[in-house]
Amino acid sequence: MTQDTEKLQLAALRDRIDDIDLKIGHLISERARCAQEVAEVKKANSDGSEIVYYRPEREAQVLRKAMERNQGPLGDEEMARLFREIMSACLALEHPIKVAFLGPEGTFTEQAALKHFGHSAVTRPMSAIDEVFREVESGAVQYGVVPVENSTEGVVNHTLDSFMDSNLKICGEVVLRIHQHLLVSEVTKTDSITRIYSHSQSLAQCRKWLDAHYPNAERVAVNSNAEAAKRLRGEWNAAAIAGEMAAEKYGLTKFAENIEDQPDNSTRFLIIGTEAVAPSGVDKSSVVIAMRNEPGALHDLLAPFQTHKIDLTRVETRPARSGNWNYVFFIDFNGHKDDERVQAALNEVSQKAADIKMLGSYPQGVL
Ligand SMILES: O=C(O)C(=O)C[C@]1(C(=O)O)C=C[C@@H](O)C=C1
C-alpha cells in the first residue's frame, strides 16, 4: 500500500467517524434534555421533602439493558461503562450529587465510588469509615462508599459495626477487582528496600509475594494504601503497596505489578444513603438479626430462608454489644424486601429473633 492510498483510506474513515460523532453528540444532548425534564417532573411532584434525583434501580436497569442489547465489537462492560458516564453527566445536570468515600484520595474506595457513580459525581475523601457514615447522616453529602468484604481477607468489621449504630440504608453495591503494585518514588534505591508501607489488608493480600521477594523488609501497616503511597516522600529505602490510582495521584512508579497472591482478588463496597430503593428486577438485601443464645438459634434463623427458597449470599457473625442476646448475624440474600417470599421469610425469622433490622434492598452490582 502506498502512503497516498493509506492517507486516502484514513481520511475517508475519519470522515465517517466525524459524521457518527456528530450524531452521537446530538443524541447525548437530546438525552441530557430529557433528564432535565425528568428533574422538572420530580420537582413538580415533590411533597416538600427532599427530592431524590439519584435512582439506583433505574440506573441498574439502564446499564443492564446496555449490556443485553450490545452486539460487539465492544465488550458488554465497556459499553455499560460508556453509558455509566453519560448517565452520570445527566444526573449532574439534574442535580450535582455529592459522595463521601473512605479516603484519602487514591484509595480503592475512591475507585469504587467513581466506578459506581461515574466521574460527574463530586467525591469527598473521609479519614475513617465512621466519618463516611456521619457525613451522610449529617446531610453534608447524599451518599457514602465503604468497603465491606475482600475475597482474600474477609469482612471489614468497622463497616459492619457502623451499621449497628446507624439508621442509614444500603442503596447499592459495587465489586472491584483489586490489583496491588509495589510502588517506588524517584528517590527510592530499589536494591535497598528495607521497609514496605501499606494497609494491613493489602499487606495480607500480598503476604506470599512479600515472603518470597522481601522476606527481611519491615512491613508497616498504615491507615490506607494512599497513606502508604504518601509516606514514600523522601524515604530512599521504602516502598509502598497500593493500587493504580494511588500510583498516579502521588507520582509513583510501579516497580512490580499485580503482586496480590490471589489472581481473582476483589473487594465489595457498599453505597450508603438515607433513601430506600425500589426493586430493579435483580436485587439483593442485607439484614442484621440478633438471636438469643438458645439451642437451635442458628437453625431457627436460617430455616425460613430455605423454606421460602431464598439464596443467602453471605452470613457473617459479630459479637453483640448488648447483654440481651449473644449473636448478631449480618445476612445478605438475593431478593427485594417488597418480594412476597422475602416478607414471608423475614416474618418467620422475626418470631424467633431478639431483634431484626433491615439494612436495605438494592440492585445487584452491574459493573
Ligand atoms: O430516570 C430518572 O429518574 C433520571 O433521573 C434519569 C437518569 C438517566 O440519566 O437515565 C439520571 C439519574 C438517575 O439516577 C437515573 C436515571
Side-chain angles (χ1 to χ4, degrees), residues 21 23-70 74 76-101 109-124 132 135-136 139-146 168-176 269-285 336-338 360-367:
D21 285 352
K23 286 182 198 144
I24 294 175
H26 284 320
L27 287 172
I28 291 176
S29 300
E30 195 180 330
R31 191 188 193 287
R33 279 190 293 273
C34 246
Q36 282 178 316
E37 282 183 43
V38 168
E40 290 311 317
V41 172
K42 285 175 186 168
K43 274 185 224 157
N45 292 289
S46 150
D47 60 1
S49 55
E50 206 178 329
I51 303 165
V52 185
Y53 292 97
Y54 172 59
R55 300 287 165 93
E57 73 287 2
R58 172 67 184 156
E59 296 212 349
Q61 287 163 350
V62 170
L63 298 179
R64 280 184 210 134
K65 275 190 222 168
M67 291 172 103
E68 278 161 21
R69 68 173 171 246
N70 180 42
L74 291 180
D76 290 352
E77 280 215 5
E78 205 60 54
M79 184 59 90
R81 262 206 296 275
L82 294 172
F83 275 90
R84 164 67 288 158
E85 289 303 331
I86 293 173
M87 211 159 33
S88 179
C90 287
L91 175 60
L93 204 58
E94 284 188 40
H95 190 79
I97 188 173
K98 286 187 230 131
V99 181
F101 66 90
T109 316
E110 180 177 17
Q111 214 174 312
L114 293 173
K115 184 179 177 191
H116 189 81
F117 288 100
H119 286 71
S120 299
V122 178
T123 52
R124 285 194 191 158
V132 178
E135 197 75 354
V136 183
V141 297
Q142 295 103 327
Y143 301 94
V145 184
V146 288
L168 292 182
K169 296 184 176 66
I170 303 174
C171 52
E173 65 167 4
V174 53
V175 178
L176 203 66
F269 299 83
L270 294 176
I271 316 301
I272 51 174
T274 52
E275 301 294 325
V277 179
S280 74
V282 188
D283 300 286
K284 282 170 85 170
S285 298
H336 191 278
K337 67 177 171 39
D338 293 355
S361 293
Y362 47 92
Q364 208 177 78
V366 182
L367 280 175

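Whatever order the structure lists ligands and atoms in, that order sets their numbers, starting from 1.
Minimum interatomic distance between L367 and E77 (heavy atoms only, all atoms of both residues): CD2-O, 4.0 Å. A112 and L176 get closest at one heavy-atom pair: N-CD2, 4.0 Å. The two residues S88 and H119 come nearest to each other via the heavy atoms OG-N, 3.7 Å. C171 and Y362 make their closest contact through C-CB, 3.4 Å (heavy atoms, listed as atom of the first residue, atom of the second, distance).
Closest to atom 9 (O) of ligand 1 by heavy atom, among H95, Q61, R31, E57, is R31.
If you number the atoms of ligand 1 from 1 as listed, the ones under 4.0 Å from a heavy atom of V38 come out as 2 (C), 3 (O), 4 (C), 5 (O). Remark: ligand 1 atoms within the under-4.0 Å shell around heavy atoms of C90 are 9 (O). Atom numbering of ligand 1 starts at 1 in the shown order; those under 4.0 Å from a heavy atom of M87 are 8 (C), 9 (O), 10 (O). In the vicinity of K42, heavy-atom distances shorter than 4.0 Å reach the ligand 1 atoms 2 (C), 3 (O), 4 (C), 5 (O). Shown in contact with Y54 at under 4.0 Å from a heavy atom are these atoms of ligand 1, numbered in order with element: 14 (O). Which parts of ligand 1 touch Y53 is read off a 4.0 Å heavy-atom cut-off, strictly below it: atoms 5 (O), 13 (C), 14 (O). Listed by number with element, the atoms of ligand 1 under 4.0 Å from a non-hydrogen atom of L91 are 12 (C).
Counting protein heavy atoms only, atom 11 (C) of ligand 1 is closest to E94 OE2, 3.5 Å. Closest protein heavy atom to atom 14 (O) of ligand 1: E59 OE2, 2.6 Å. Annotation: atom 16 (C) of ligand 1 to nearest protein heavy atom, R58 CG, 3.8 Å.
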inquiry  = The test is salt bridge (Lys or Arg N to Asp or Glu O under 4.0 Å); show your working for E40 and K43 and say whether it passes.
reply    = CA-CA 5 Å; E40 290 311 317; K43 274 185 224 157; 3.4 Å; yes

task = Dump the intermediate steps for salt bridge (Lys or Arg N to Asp or Glu O under 4.0 Å) on E30 and R33, then the final yes or no.
result = CA-CA 5 Å; E30 195 180 330; R33 279 190 293 273; 5.6 Å; no

inquiry  = side-chain contact (heavy atoms from CB on, under 4.5 Å) for T274 and E50? Distances and angles first, verdict last.
reply    = CA-CA 11 Å; T274 52; E50 206 178 329; over 6 Å; no

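Aromatic pair F117/Y54: centroids less than 6.0 angstrom apart.
Proximity of R55 to ligand 1, defined as any heavy-atom pair under 4.0 Å, is shared by backbone and side chain alike.
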